[in-house]
*Asks:* 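Below: one structure in structure tokens.
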Protein chains: 2
Amino acid sequence: MAPTAATRATIKVLPVPDDLPEPLPEPAVEDIRLEAVMGALSDPLRMGIVRKLLLESERFDHPCGWFGLDRPKSSLTHHFKALREAGVTRQRQYGLERRSHVRVDDLDARFPGLLALVADWTPPQAS
Amino acid sequence: MAPTAATRATIKVLPVPDDLPEPLPEPAVEDIRLEAVMGALSDPLRMGIVRKLLLESERFDHPCGWFGLDRPKSSLTHHFKALREAGVTRQRQYGLERRSHVRVDDLDARFPGLLALVADWTPPQAS
DNA sequence: TCCTATGTACGAGTTCAATCGTACTACATG
DNA sequence: CATGTAGTACGATTGAACTCGTACATAGGA
């Protein structure tokens, strides 16, 4: 259904600005370490975050509320920071929100095939 | 060339027995979890062990002395056990020695491309 | 049989990561 | 300005993993 003025307020379509905010601190492509990436992905919650970004995100970044994770906010901050510092995701500040996306090009260049494994991953104890 | 009696003593070619010893406890192929494998490989020492097995081992298993790791024996026991319990390696007991090899077929079946990443890995602060 | 070599088992100390509560900052909206 | 919202910062707690010393078990050779 077409969004009315009322629904548009709740859907909150924030257009991507032309001048992107600077990414938060992250390793350069050539400094991304395979063992650090694997350490970041060894946590099921973080593996699920990256997989969801790969499978469901379109061309936009996503704030961490988008993931629907039932954890306290400070825990999510911790995990998103771990992913960013390992070089798996990039985070940019859009006003209030800090949005994340996977560094697909960088990871494909350094570790071809790795993201395909993440996309094929199945969460544990899936009913 | 065929081993003589003299070379057999020094080179210590232990022929693989027809009745292989039972592997030590390990997860079944279908129970190997990607996040557990990545957790095992997130340690540089263990990543190096698997890489060395992939690049330098021929068709034989290797005891952990073969790796030339400068760590106490009990530390090595810990790391080889971590690799085995994650499903990365298989260990068999040959007399005194407990030899390891990578579960290449199992890992290729579950996570195609993963072992290629390990083989291409470069150790940190390589001079 | 004694010695050596390979490797485990156990336990202690230490470090690190995960979890989460609380307080705080910043923007947006009324 | 007051309120709500998105998220960080800090600190405390907990548990797991890494590291290693020591003691122990076993096989093979002198």
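Values below: all heavy atoms of this structure, side chains included; hydrogens, waters and symmetry mates excluded. No experiment lies behind these values; they were computed from the predicted model shown. Reminder, nothing fancy here: chain letters follow the sequence lines and each chain counts from 1.
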*Asks:* Which nucleotide, dT19(C), dT8(D), dT19(D), lies nearest any side-chain atom of T77(A)?
*Replies:*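 Between dT19(C), dT8(D), dT19(D), the one nearest the side chain of T77(A) would be dT8(D).
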
*Asks:* Which is more 5' along DNA chain C, the nucleotide nearest Q91(B) or the one nearest L45(A)? Just name the residue.
*Replies:*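 It is Q91(B) whose nearest nucleotide is closer to the 5' end.
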
*Asks:* I want to check one thing: is the phosphate of dA18(C), taken as OP1 and OP2, less than 4.0 Å away from some side-chain N or O of R46(A)?
*Replies:* yes

*Asks:* Would you mind reporting whether M47(B) and P123(B) have side-chain heavy atoms less than 4.5 Å apart?
*Replies:*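 No, their side chains stay 4.5 Å or more apart.
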
*Asks:* Of all the nucleotides listed (dA18(C), dT19(D), dT6(C)), which has the minimum atom distance to the side chain of E97(B)?
*Replies:*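 Within the option list, the nearest is dT6(C).
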
*Asks:* Do R92(B) and R99(B) have side chains that get closer than 4.5 Å, going by heavy atoms?
*Replies:* no

*Asks:* Hey, is the side chain of S74(B) pairing donor to acceptor with the base of dG21(D) inside 3.5 Å?
*Replies:*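 Per atom types, the contact qualifies.
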
*Asks:* Please tell me if S75(A) has a side-chain N or O lying less than 4.0 Å from either OP1 or OP2 of dA18(C).
*Replies:* no

*Asks:* Just by distance, do the side chain of R46(B) and the backbone of A82(B) share a donor-acceptor pair under 3.5 Å?
*Replies:*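 Absent.
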
*Asks:* Taking OP1 and OP2 of dT6(C), is either one under 4.0 Å from a side-chain nitrogen or oxygen of R99(B)?
*Replies:* no

*Asks:* For dT6(C), does OP1 or OP2 lie under 4.0 Å from any side-chain N or O of R98(B)?
*Replies:* no

*Asks:* Does H78(A) place a side-chain N or O at less than 4.0 Å from the phosphate oxygens OP1/OP2 of dA9(D)?
*Replies:* no

